[in-house]
Amino acid sequence: MALATNLGYPRIGPERELKHATESYWKGELSESALRATAAQLRQQAWSTQRQAGLDLIPCNDFSYYDHVLDAAVLVGAVPTRYGWPGGPVDLDTYFAMARGAQQEGLDVGAMEMTKWLDTNYHYIVPEFHSGQSFSVASSKVFEELDEAQAAGINAKPVLLGPISFMQLGKSKEPNFDALSSLLDPLVEVYAAVIQRLTTQGADWIQLDEPFLARDASSETLAVLERAYSRLAEAKGGARLIVQSYFGQVADAYPILRDLPVDAVGLDLVRGPENLELLARHGIPADKWLVAGVVDGRNVWITDLAKALDTLERVADILGGLERIMVAPSCSLLHVPIDKQREPEIDPELLSWLAFADQKLAEIVTLTRGLNEGRDAIDDALAENAAALGSRRKSERARNPLVRRRLAELDDSAARRGGAYGTRRIAQRAALGLPELLPTTSIGSYPQTAEVRRMRGRFRRGEISALEYQGFVESETRKVIELQEDIGLDVLVHGEFERTDMVEYFAQQIDGYAFTQLGWVQSYGSRYVRPPILYGDIHRPEPMTVHWFRFAQTLTDKPVKGMLTGPVTMLQWSFVRDDQPRSETCRQLALAVRDEVLDLEAAGAKVIQVDEPALREGLPLRRAAWKEYLDWAVGAFRLATGGVRDSTQIHTHMCYSEFNDIIEAIAAMDADVLLIENARSEAELLAVFRTFNYQNEIGPGVYDIHSPRVPPTEEMAEQLRASLGVLDREQIWVTPDCGLKTRTYEECVPALRNMVAAARRLRTEIRG
Ligand code: GLN
Ligand code: ZN
């Protein structure tokens with residue numbers, strides 16, 4: 001019989017209990033034992049939910065206080081020396097110091113680097129490697145959690161990040177040090193010890209996640225995969241090992257994966273439908289199980305159960321029976337909200353199209369039953385599912401003929417600015433009256449102070465009127481305009497005080513979007529986001545930002561920027577409909593942004609910024625798919641911004657990632673001014689401009705806004721000199737790395753003053 005399983009359950013709690021407990025612990029308001037008690041309760045709750053749903057095999061160690069990659073680092077004792085770990089079990093405070101940095105008696109260390117988990121918006125802590133590094137079992141978390149589950153009557157499946165992905169997702173801290181070739185063997189020894197101990201504890205199945213398999217892998221990496229798992233197979237005793245892939249097809253790795261001396265292979269059949277063909281073509285040894293990921297763990301829509309059963313039946317055909325199949329989500333359910341039943345504000349029709357984690361568990365169990373007992377056994381569920389899918393397909397609410405007609409009528413010229421960049425530049429210089437050299441600006445938001453958040457809360461709860469709230473936002477905006485004039489910035493911003501979030505604020509004013517109350521997913525650590533749900537055609541009924549732009553512009557003679565979130569970022573940070581290609585949805589978003597851009601221009605905006613911080617993150621995991629994505633993503637940005645006059649200056653802003661490998665695509669966006677994160681990467685970014693001739697204007701960030709530190713004038717001047725070394729002096733803008741939302745005025749005002757002083761110092765230097 002096929003089994004129903006899960007790869008990982010959300011760890012944050014239905015009411016964000018984990019966030020509240022960890023943050024209280026950090027503030028010293030909650031004891032470690034109380035934090036541990038909350039965590040234990042959340043795990044019990046997760047297990048009982050999964051048991052009640054009817055799963056046969058339930059994961060453990062999918063819980064994490066912060067991040068599962070950090071858990072893996074701590075498990076194998078990969079603790080950088082600066083955290084002062086004396087050996088032995090890593091305590092909770094060392095663990096949190098690695099995640100967030102620490103400033104206490106005798107210890108002042110920054111956090112470890114954090115980056116995006118493959119192509120998701122979840123961020124993990126990047127393991128560090130150096131030569132001579134040794135590993136040891138330094139955490140008992142996984143053993144304790146298995147104990148705990150067993151005590152609750154569940155012989156759970158411990159989940160570990162696999163050793164190859166652990167190495168691939170980490171970073172060598174020494175130049176020319178090949179961590180994989182020198183450290184993998186000692187690392188695998190520690191994994192072997194962990195597996196042995198889990199076996200002794202009575203674990204039946206153990207899941208090793210190897211998401212690196214969805215990326216392009218070198219033949220060396222695939223060779224070490226074999227070596228590592230052969231060693232782990234020796235250690236497993238009576239337990240059975242699953243090598244679990246997700247987020248896409250495994251491509252060339254399949255034949256190797258298939259022959260690893262393990263007991264099961266996990267494939268994502270949702271994001272990697274090609275995996276089914278690989279399975280059909282290469283088969284699978286007669287003693288091996290297949291974990292078939294048929295329920296989308298990355299999105300919120302109900303599964304087409306009949307179609308998923310087709311897939312499962314095909315799998316059964318290939319395997320020659322039902323004995324060695326596990327029905328599963330395509331990846332951990334960490335990436336979706338917990339329970340749609342807690343969303344009374346979403347109307348019943350739309351709700352019937354949605355499946356959050358708990359609903360996905362039910363789908364998995366239903367599918368398993370349908371596979372084992374035949375479709376008749378689940379005919380009610382199939383009928384209900386077909387009805388919901390039918391209503392979704394036919395629903396008028398998801399369709400807007402006007403939008404479709406307008407997009408069909410647009411020709412290529414819509415995505416092209418009138419004049420070439422050189423012509424635009426002359427028109428913009430004349431229109432804007434900026435300093436000849438090194439104009440200064442900022443990225444958009446100003447500090448979201450406790451006061452701003454308090455007033456927004458009061459407004460939301462109905463404690464103050466719309467008029468009062470509006471008056472408050474006006475006074476904040478006025479203050480920030482005066483402040484920028486006083487600091488001497490050249491292109492001003494209105495401060496974004498009216499916005500909660502750069503996606504939600506727009507989504508709330510666009511038709512085709514729905515919102516949850518409790519639909520949180522972990523972004524990093526205790527930071528959770530509530531991505532809006534894009535379910536239908538995108539239509540912007542009226543201007544979204546013109547009011548606040550206009551208000552701010554009346555307060556100053558300097559240009560104020562219109563400030564928008566770009567179509568790719570809107571797409572990337574939402575749960576997006578899966579009934580049409582993402583590229584098409586992105587075009588609809590681009591049309592909405594285009595309408596707004598033109599309204600801003602008509603309202604007098606001479607500079608309009610369209611932020612695309614998520615452009616890089618949307619890049620497919622495999623290089624072969626990059627071009628197609630970049631073509632439509634860049635096309636969407638150009639459609640959004642291509643309608644303005646030559647004299648209107650388009651800015652864009654990007655952050656959070658490395659851009660060197662997509663610089664050509666960034667240039668193809670043809671923004672007049674590119675404001676790009678740079679301050680922390682030690683001029684890594686600038687290196688690309690030695691070889692790539694970037695034509696338009698560009699502001700490599702000189703102020704790291706992620707730190708409370710105030711950079712001295714000379715330090716920023718030095719960064720500008722570095723930029724001047726590789727770019728034309730006429731090209732360069734002076735700007736912080738990102739918005740100032742998370743900073744305080746005490747921090748950012750002196751920093752901005754220093755930044756303007758640095759620009760002035762360099763102008764004088766250049767003129768000699
Ligand atoms: N304009 C936004 C801000 O300043 C940009 C945020 C971002 O890049 N993430 O906050
Ligand atoms: Zn940014």
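Keep in mind that what you see is a predicted model, and the values were worked out from it rather than measured. Counting starts at 1 for both ligands and their atoms, in listed order.
- Ring centroid separation for the pair H123 and Y66 does not come in under the 6.0 Å cut-off.
- On a distance-only criterion, M502 and ligand 1 share no N/O pair closer than 3.5 Å.
- The distance criterion of under 3.5 Å between nitrogen or oxygen atoms is met by S445 with respect to ligand 1.
- When each of V593, D670, V610, L615 is paired with F637, the side chain to side chain contact (heavy atoms under 4.5 Å, CB included) condition holds for V610 and for no other.
- Between E612 and the options T569, T565, T652, a side-chain hydrogen bond (donor to acceptor under 3.5 Å, both in side chains) holds for only T569.
- If you number the atoms of ligand 1 from 1 as listed, the ones under 4.0 Å from a heavy atom of G739 come out as 3 (C), 4 (O), 10 (O).
- Ligand-side atoms of ligand 1 in range of C655: 8 (O), range being under 4.0 angstrom from any heavy atom.
- Close approach to I443 involves these atoms of ligand 1, each under 4.0 Å from a residue heavy atom: 1 (N), 4 (O).
- The aromatic ring centroids of H68 and Y122 lie less than 6.0 Å from each other.
- Taking a cut-off of under 4.0 Å to the non-hydrogen atoms of D611, the atoms of ligand 1 that pass are 1 (N), 2 (C), 5 (C).
- With ligand atoms numbered from 1 in the order given, ligand 1 contributes 8 (O) to contacts under 4.0 Å with heavy atoms of H653.
- Between Q448 and the choices R743, E496, R456, R453, the side-chain hydrogen bond (donor to acceptor under 3.5 Å, both in side chains) rule is met once, by R456.
- The ligand atoms of ligand 1 that sit less than 4.0 angstrom from a heavy atom of G444 are 4 (O).
- The minimum heavy-atom distance between E697 and E730, with the atom names listed, is CG-O, 4.2 Å.
- Only the side chain of C738 comes within 4.0 Å of ligand 1, judged by heavy-atom distances.
- Draw a line from the Zn ion (ligand 2) to NE2 of H653 and another to SG of C738, and the angle between them is 120° (to 10°).
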For this session: Report the C-alpha distance between D501 and R530 in whole Å, list the side-chain angles of each, state the deciding distance to 0.1 Å, and finish with yes or no for salt bridge (Lys or Arg N to Asp or Glu O under 4.0 Å).
Result: CA-CA 10 Å; D501 171 277; R530 221 172 13 178; over 6 Å; no

For this session: Tell me, with the steps shown, if I666 and F659 meet side chain to side chain contact (heavy atoms under 4.5 Å, CB included).
Result: CA-CA 8 Å; I666 292 174; F659 297 100; 3.7 Å; yes

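- The shortest N or O to N or O distance between E496 and ligand 1 is below 3.5 Å.
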